[in-house]
Every structure is written in C-alpha cells, then in structure tokens.
K.L.:
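The structure follows.
Here is how names work: the chains are called A, B, and so on, in the same order as the sequence lines, proteins then strands, and each is numbered from 1.
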Amino acid sequence: MTVPQLSHTEMAARVARDIPDGSYVNLGIGMPTLVGDVISAGKEIIFHSENGILGMGPAPAPGEVDWELINAGKSPVTLVPGGSYFHHTDSFMMMRGGHIDVTVLGAFQVSEQGDLANWATDDAHLPPAVGGAMDLAVGAKRVLVLMMHTTPDGRPKLLPECTYPLTAAQVVHRIYTELAVIDVGPAGFVVRDMVAGLSREDLQRRTGAPLTFADEVAVLVPAGG
Amino acid sequence: MTVPQLSHTEMAARVARDIPDGSYVNLGIGMPTLVGDVISAGKEIIFHSENGILGMGPAPAPGEVDWELINAGKSPVTLVPGGSYFHHTDSFMMMRGGHIDVTVLGAFQVSEQGDLANWATDDAHLPPAVGGAMDLAVGAKRVLVLMMHTTPDGRPKLLPECTYPLTAAQVVHRIYTELAVIDVGPAGFVVRDMVAGLSREDLQRRTGAPLTFADEVAVLVPAGG
Amino acid sequence: MIDKRVASLAEAVQGLADGSTVLVGGFGAAGVPVELVHAVLDQGARDLTIVTNNAGSGETDVAALIREGRVRKIICSYPRSMGSIWFEEFYRAGTIELELVPQGTLSERMRAAGAGLGGFFTPAGADSLLARGKEVRMIGGRRHVFEEPLGGDVALVKALRGDRWGNLVYNKAARNFGPTMATAATLTVVQVREFVELGDLDPESVVTPGIFVDRVVQVEEEA
Amino acid sequence: MIDKRVASLAEAVQGLADGSTVLVGGFGAAGVPVELVHAVLDQGARDLTIVTNNAGSGETDVAALIREGRVRKIICSYPRSMGSIWFEEFYRAGTIELELVPQGTLSERMRAAGAGLGGFFTPAGADSLLARGKEVRMIGGRRHVFEEPLGGDVALVKALRGDRWGNLVYNKAARNFGPTMATAATLTVVQVREFVELGDLDPESVVTPGIFVDRVVQVEEEA
C-alpha cells in the first residue's frame, strides 16, 4: 500500500519552520543537511560544524572549492560574514556545553523516553563508528530527529525501547518523519502533525509504541498530494 | 656576626647561569623577577607570564606603558618579536601540563624532600591568597627556589619538614640563597656552591636540616668580597 | 536577525537577580570590565557571589561592590591585590565569605562549566590545605584533587572589538579570563571599546565566537 | 638561539621508536599531515598506536600505514571514512585493535594530557556501550563517565605558517585537531606550507604558541 508522504525536502522544510530566528544550529550528516537549504529568507540562523566552523554557508560554486573548508560530512562549504574558525576541542565545548540551540540528527531508532540510537546497529560486519553524535545528543539544548518513519523493510523505528545500542538516553525532543511530527514527552509519543490522507490507525500501525494525539493535529500537505 | 653573602642581583645571576639556552621560563613574583634582567646575551630564553603572555620582554620605556600588557606582579612589560597572547586557561595548560622548562619561585620554606611552602604562613591576620603558585609548582619541569637562606630574624627556611602550609610536595629541584646553591635529592639537601668565606659549619648552623656536600663545592664570590 | 548590541550599560546588566553568581574578568587592572561592574552597582542586585581573580582595588570595580555590602561570597585565587582595602575589611569583620582556588583551577573549573564537563582531577593543590574535604585520588603515581565545574549566572567581560553577532577580539594581556568566563555563564555581557561591522573581524582570529556572548555594549576609552 | 625548523621530512620524524603512540591531525582530508605520515612510513617504525579521527582513506596517510602492517591499534571516533579500505580489511582479519571514542571525548582526552589533568567526567557516551568498564557517576542528576588523559609520544600536525620558534597559524577548517594534539605529545612535529620570519605572525592571532612545538618542516603545496 502506498501512503501519502512528504518528500525529504518537505520534511526538512517542516524542521526548518521550528527553528527560531537567531538560533545556533548543528545539522547531522545525511538528511539533516537538507535543513540548511530550506531556511526561510527572513531568518538569520548560524550553522555550526563540529570540525571547527561557526557561520557555515552553502556549498561553494564549482571551481571555488577549498578542501580545507568542509562540513562534518566532508563536503565543501563556505563561510558567511561573521563566521569564525576554531579548533576541535573548542568546537566540542560548544556542542557538549549547551551552547548549540538546536541539533537535527538522523536516527536508527527513538524510544518513547526520548532515547536515541543513531550510531550502531546490530550488524557485526561493519566496524563501529561514532563521530560526534554522542556529544551533540547530550549537549544541544534541543535535539530534533529527522528520519523515515520505518526501516526500508517496514519495521518501526519509534519504539518502547531501542533495541540498537544507545547514543544517549532521554534526549530527543521532537521527531520529524515523512508521515508525522511527533513530540517526546513525559507521556511518550504525542503526534502534533500528520500527513494529509493518513489515518491515525495507519500511523499507529507503523509505530512501535503507543501514540497519543495533540488536541489539534496539524495537517501536512505533500506537494504531490 | 656578618657573613659574606651574594647580593640579590648576584643570586639572580647564579640562577640565570643554570637556565639553558632556548628554555621556556616562568619567573615568580618578587626576587625571581630579577632573573629576567641578568640572562646572558648569548641565550635566547622565552619568558612566560601566567596572565597569558609568551615572549615577555623587559619593562617599557617611560611613556610607553600599556596597562593591558603587565606581568604576574602587575608591572608593565613588553612583548618581544615571536611572542604571543592567549587566555588564562591556555596559559595554565602550559604551566600545569609540563610545558614550562624552568620556574623560579620564592619560598617561605623548603623541606629536604623538596616540599615547597610559599603561599601561606601561620599569620591568621591576613586573608589567604594563592595565585598561580600551586599550578606552577606541580607543572614546571624544573622548579628552582630563589630565597634568603633564613628568615629576617634568623630562623631556618630549609627544614626537615615544612611547618607552613604546603604549596606542593616533592617538587623543588634546587635552591639558591645568598649563601649557597643546594640541590634537593633522594638524600636530602646537597650543597653544590657556597659563598666564599663561609664555613660548612656556618652554613649548617643556618640550615634546619642536615646538609651533605658535593664532591666539589664551587665557590661563589660576591662582588663586594 | 541577530543583534546582540545594546545601547547602554543599564540595559547590559538588566535583569541581574539578587543571589546571582557573577563572573568578573580581569587580572590586576587589565581586562576588568569596570563600567559593567559599576552598572551592577547602580542596578542594585545584592547577595552576590563574585568569581574573579583578584578582589578589586581601591574604590572601584569589585572593591566598590564589596564596600556597598553587595557581595556575600568571593571565589578567587588572590584577594590581596595592591591597593585592596575593602575585601580585607569585610574579611576581618567576617561579613564576606572567601573560597580560595588556585588560579589554574579557577580558570579550569569555569572552562569545565562552559564545556559541559562534570569536573576533573588536577594535581594543583592536591598536597595542600585547599584539597581539604575534596576527593583525592592517585593517578599516575601522583596525588590529584577532584574539582567541580564553576558556572555563573552572568559573566562580565571586557574586550577590544565586537560585532553584532558577539564575536570578540581582545587587547594583549587584557584577554586573560574573558574568553573562558564567556563560555561559563548563562548570560554573558561584554563591554567593548569598539563596535565593528559583521565580517570585519578575521575569521581566523576571532578569539570568542559570538555563540558564547549574549549582550555587547560599547564603552569608549581614551587610547 | 631557538630554531625548530628542520630541513627535511626525514629529519622531522627522526627517532620515532617502535611501539610509539602517534597523534595524527586531520578531519576527513582537511589538516591531515600526509607528507609527515608518509615520512613515518619511510622511517620504518612499527607496532604503532595511532590516535586520529578517521582511519585514513584510499592508499594514503594512515591507510598506508595500516596497509603496511605498521599499526597495532587505532584510537579514533570514526574509522569508516569514505574511501577507507585498509582499516576495514585489517579489522575484519582481527589484526588491528580499535578503541572507539566519541569525537569530543577524543579531543578532550588529548587536551587533558596537554593540560596536565588526571582525567574528567563527561556526559557524552555515559549511557552507551562505550562507557562499559569505565567509572560512571551521577553529577547534577546526570550520568557522567570518567575519561582518562590521552597523550602521545609524537604528534604529527599540519599548519599553514610557522616561524623558527614554532608559532603556528592554520587554514580554515584544517585547524581541527592540530592545536590540541600539539599540546599532548612529547614530541610535536609540524608541517607548514610556509616558513615566516619571527615577528611576522600577529601575536594576537597565533593559534599554537611555539611552546607546544618541537620541529617544523616546510612542505610546499599548490594553492
């Protein structure tokens, strides 16, 4: 069954709407990077990159690439006026020390307590790798997760407990998927937005833990729908 | 009885002789500051100041004082070419982290184990004050003490145990006084230099712990003698 | 749009609550945000804990706060500066509390707060009276004392130049505690000699990135 | 007279002993001291422990050291870089040991070594498998894990410009781990693109003061 769903860009735009003007923001590798491209023109957002950049700008024009100015995903970026460079230890002071207002991270699983699993699966074939996720997850003032609602083979990623190794416990504030926007609160998962044409039962079926619904659930309308 | 003795400048010059070319040196407040003035012209020594200066130069000419360029004793200084400024936390990384080759400190007392007491006496009238002495004492590669051999009223400052509160235990390598140069080793105080005209018994009488003497004790000749 | 510049010293210290912990930059006279401290004097907050290297001098800055009975406790490494009178007077009278901290530990404890760390072991002071009542542990054959992070409600910092994002550069040895204190407080307030346009500061040479700064006020000084 | 400049890459890595711990700067390809790592390859030291963020890529730098069987253990946060082959191959064969450390903890542990601290408590990773076997403590209502200092026998760092005292400035995001690694090793070796005269670097903008540097070698690069 095909369900209505947001595109990756629409998902990123929905995240971007929740980022207040003037925020210091760190975007994780992968889909979260898209959020940087869809910030509304009226907002001044300062992007942080773990490798020592504050005021990171968009990708450079072809031919103007400097491989000593890259983001956490190792892609070339630029610096905006007012930006600055610093070393890794100072950069992680910002991340772990509560100075980043918002981080947007990908995830394998999120539990209804806000536990985050986004660094290791149970695949023993790959060597483990962690990067900066653990520092960001414990340190950012607000941790937003941007991910697909289920795994490619349809298993739920929102769960009563994470089965994959934890990145950090009780840190996620809000989850954005192609189907819904879900808060993580004392009472577990609370749906705030849902994609048009999806029933509450459909959404629950794709979710591994019980959902409650906000008094007014906003409707997300995909461009295609 | 008047005993032959070195002047403060001669004491400082004796310390300076022991500082190798190319050393990074931190001079404590008071008499140790004199060492900076008597380094031989052939040596390039880099002076560190706890308040964030490396490559500290001599006092400025009158009229060229910048009160935002001062040393640990709050006196105006200058910066030599190749010098740099940094913040306090980085400055104390240098001190505590073993990056300073030599520190020259004043002291109230030194024990034969190399314990240093240089921050508090038993005078309860004054509020206590510690500054950067504890970080320097534990962190510098070589801790030299420059002080008078006894208190103004003749009590010994070189002791079996310090009676004043410790700055740090087992840190002092060598002591320079107006009467002698004394190493602190596994066997306690070992006299390396003595001022001309002073007998070993005279020196021992002014010292609170047993002295041993190096195979060849060098003679210190005061300008006045 | 981000604009951390405020128009007056009064606005810069607005909202400072009684009982706050205030980090005050400076070493000797260099880097002391004198005008900001005097603005706190005017603002009226009481029962303050002041974290600073020295305890002020003469009748200005932290000494004036002490004189006016506004300081409950001082956390510092060296309260007896040249020309310091008021700290000594209140200390002898038993009306001010003193927590003495080795200078490197003072700076490192503030850094730990700014860096989100839960504390650290240092050899500095581990053999001394200042380790009394604290956890001491042998590490690598040497005594270390456990020191806790030390954050502030407010940091008052003096810098040379700043822009509307709060990026800062300092002047010479007036830098001292400023960059660390800026990271360690909930509200970081900075007085600068000069406002500059965004982009005027070299990105390689910014000392305090604006992320650590909340308010910037210009206080001109004679050169 | 102090002159830390050396004339060749071979001289820069001279004396590196078998079994050494080597800190290697860089994040992705930015700031990796490729020529110094290749000089270690030529120099011949074996049984190395390499501390670095990634595990090299393709056939160059740390990947080449691994390929040649010279690396006993790697301490890093993210060994699986794009284009990394050799680490994976040796890891699957069980012929290289991996100590995985969260990136901020990796950097902070090296800083602790450089700063003469005995270790610290961090919340990063405290809820994770990476805290297994380590001391965990509740601080301020939150789990923290105790992390030990991580120093090196040698640090290999890449900078932009350096002078004969070893003062350094870096280029953009190639700064990354360099300044911290420089503080954390017994012998710090730096490759710079350009030697400059003493006094040419602005004292307000020196990133690594020369006190942390032992040898500097010039490796020119195309712009």
K.L.:
Under 4.5 Å heavy-atom distance to chain C, tell me which part of B:Ile53 shows up: side chain, backbone, both or neither.
P.N.:
side chain
K.L.:
Side chain, backbone, both or neither: which part of B:Tyr85 has a heavy atom under 4.5 Å from chain C?
P.N.:
both
K.L.:
Answer with side chain, backbone, both or neither: which region of C:Val101 has an atom nearer than 4.5 Å to a non-hydrogen atom of chain B?
P.N.:
backbone
K.L.:
I need the minimum non-hydrogen distance between C:Asn54 and C:Gly28, along with the two atoms involved.
P.N.:
OD1-N, 2.8 Å
K.L.:
Is a donor on one side and an acceptor on the other found under 3.5 Å between the side chain of B:Asn51 and the backbone of B:Ile70?
P.N.:
yes
K.L.:
Between chain C and each of B:Ser84, B:Ala133, B:Gly52, B:Ala72, count heavy-atom pairs under 4.5 Å; write down the option with the most.
P.N.:
B:Ala72
K.L.:
Hey, which of C:Glu108, C:Arg175, C:Arg111 has the most heavy atom pairs under 4.5 Å with chain B?
P.N.:
C:Arg175
K.L.:
Measuring heavy-atom distances to chain B, does C:Thr122 have an atom under 4.5 Å in its side chain, in its backbone, in both, or in neither?
P.N.:
side chain
K.L.:
Using a 4.5 angstrom heavy-atom cutoff, name the option from B:Thr167, B:Leu136, B:Val77, B:Asp66 with the most pairs to chain C.
P.N.:
B:Asp66
K.L.:
Measure distances from C:Phe177 to the heavy atoms of chain B and classify the residue's part below 4.5 Å as side chain, backbone, both or neither.
P.N.:
both
K.L.:
Could you tell me if C:Ser77 and C:Asn53 have a donor-acceptor pair between their side chains, going purely by distance under 3.5 Å?
P.N.:
yes
K.L.:
Non-hydrogen atoms of chain C under 4.5 Å away: do they reach the side chain of B:Asp90, the backbone, both or neither?
P.N.:
neither
K.L.:
With chain C, which of B:Gln170, B:Glu50, B:Met93, B:Met95 has the greatest number of heavy-atom pairs at distances under 4.5 Å?
P.N.:
B:Glu50
K.L.:
Assess whether salt bridge (charged side-chain N to carboxylate O under 4.0 Å, His left out) is satisfied between C:Glu97 and C:Arg72, documenting all intermediate values.
P.N.:
CA-CA 6 Å; C:Glu97 190 183 338; C:Arg72 185 179 68 73; 3.3 Å; yes
K.L.:
Among C:Cys76, C:Ser128, C:Ala30, C:Ser107, single out the residue with the greatest number of heavy-atom pairs under 4.5 Å to chain B.
P.N.:
C:Ser107
K.L.:
Evaluate the side-chain proximity of B:His149 to B:Ile175: yes if any heavy-atom separation is below 4.5 Å, no if none is.
P.N.:
no
K.L.:
Under a 4.5 Å cutoff for heavy-atom pairs, which residue among B:Ala137, B:Ala169, B:Pro127 has the most contacts with chain C?
P.N.:
B:Pro127
K.L.:
Mark yes or no for whether B:Asp101, through its side chain, and B:Val25, through its backbone, hold a donor-acceptor pair below 3.5 Å.
P.N.:
no
K.L.:
What residue, out of C:Leu100, C:Thr180, C:Leu106, C:Leu130, has the most heavy-atom pairs lying under 4.5 Å from chain B?
P.N.:
C:Leu100
K.L.:
Tell me, for C:Arg143 versus chain B, whether the close heavy atoms (under 4.5 Å) come from the side chain, the backbone, both or neither.
P.N.:
neither
K.L.:
Would you sort out whether B:Glu178 and B:Arg206 count as a salt bridge (charged side-chain N to carboxylate O under 4.0 Å, His left out), showing the intermediate values?
P.N.:
CA-CA 12 Å; B:Glu178 76 281 20; B:Arg206 288 169 172 80; over 6 Å; no
K.L.:
Do the side-chain N and O atoms of B:His48 and B:Ser91 include a donor-acceptor pair separated by under 3.5 angstrom?
P.N.:
yes
K.L.:
Could you walk me through whether C:Glu147 and B:Arg96 pass salt bridge (charged side-chain N to carboxylate O under 4.0 Å, His left out), step by step?
P.N.:
CA-CA 15 Å; C:Glu147 295 284 356; B:Arg96 198 184 40 234; over 6 Å; no
K.L.:
Can you say whether C:Tyr170 sits under 4.5 Å from chain B via the side chain, the backbone, both, or neither, judging by heavy atoms?
P.N.:
neither
K.L.:
Under 3.5 Å, side chain of C:Lys4 to main-chain N/O of C:Trp165, donor-acceptor pair present?
P.N.:
yes
K.L.:
Picking from C:Leu98, C:Val207, C:Asn176, which has the most non-hydrogen pairs under 4.5 angstrom with chain B?
P.N.:
C:Asn176
